[in-house]
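Since the model is a prediction, treat every value here as computed from it, not as a measurement. Sequential numbering from 1 along the given sequence is applied to the chain's residues.
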Amino acid sequence: MTAQEYNHVFLPQINRAEEFVELFESSIEHMSDTRVDKDEVRKQFQIRGWSEETRQVILTALEYYKCAEGLAKISG
């Protein structure tokens with residue numbers, strides 16, 4: 001991949017994935033306290049496999065992927 005492909009295609013995809021992880025949890029925080037039981041929402045997501053550990057694994061994997069499949073494959 002060229003540096004231009006990295007900067008304009010690959011890196012934006014990684015950045016969007018990282019942003020999604022952050023926005024996912026932020027969306028819960030911004031829910032209305034009067035309409036939604038945030039603890040119940042978190043509990044339901046935790047039952048389905050979402051936890052702080054899962055979040056960290058995803059972010060770490062994205063960082064490794066960025067290096068192994070992006071930076072390491074840039075040519076000229």
Applying side chain to side chain contact (heavy atoms under 4.5 Å, CB included) to R48 and not counting sequence neighbours gives Q44
Between the CD atom in E52 and the CD atom in Q46, the distance rounded to the nearest 0.5 Å is 10.5 Å
Please answer whether the main-chain N or O of T2 pairs with a side-chain N or O of E5 as donor and acceptor at a distance below 3.5 Å. yes
Contacts of D33 meeting side chain to side chain contact (heavy atoms under 4.5 Å, CB included) (sequence neighbours excluded), chain-then-number -> K38
What pairs of donor and acceptor atoms, side-chain ones from residues 8-22 against any protein atom, are under 3.5 angstrom apart with sequence neighbours left out?
unit_1	atom_1	unit_2	atom_2	d
N15	ND2	L11	O	3.4
E22	OE1	R55	NH2	2.9
E22	OE2	R55	NH2	2.7

- Same cluster or not: are Y65 and M1 linked, directly or through other Ile, Leu, Val, Met, Phe, Trp or Tyr residues, by side-chain heavy atoms under 4.5 angstrom apart? yes
- prompt: Considering residues, nucleotides and ligands other than E29, do more than 12 of their heavy atoms fall under 6.0 Å from its CD?
  reply: yes
Applying side chain to side chain contact (heavy atoms under 4.5 Å, CB included) to S32 and not counting sequence neighbours gives T34, R35
Indicate yes or no: at least one non-hydrogen side-chain atom of I28 is less than 4.5 angstrom from one of W50.
no
The salt bridge (Lys or Arg N to Asp or Glu O under 4.0 Å) partners of E53 (sequence neighbours excluded) come to none
Treating T54 as the side-chain partner and G49 as the backbone partner, does any N or O pair qualify as donor plus acceptor under 3.5 Å?
yes
Residue pairs meeting ring-ring contact (aromatic ring centres under 6.0 Å, His included), one or both in residues 28-47, sequence neighbours left out, come to F24-F45
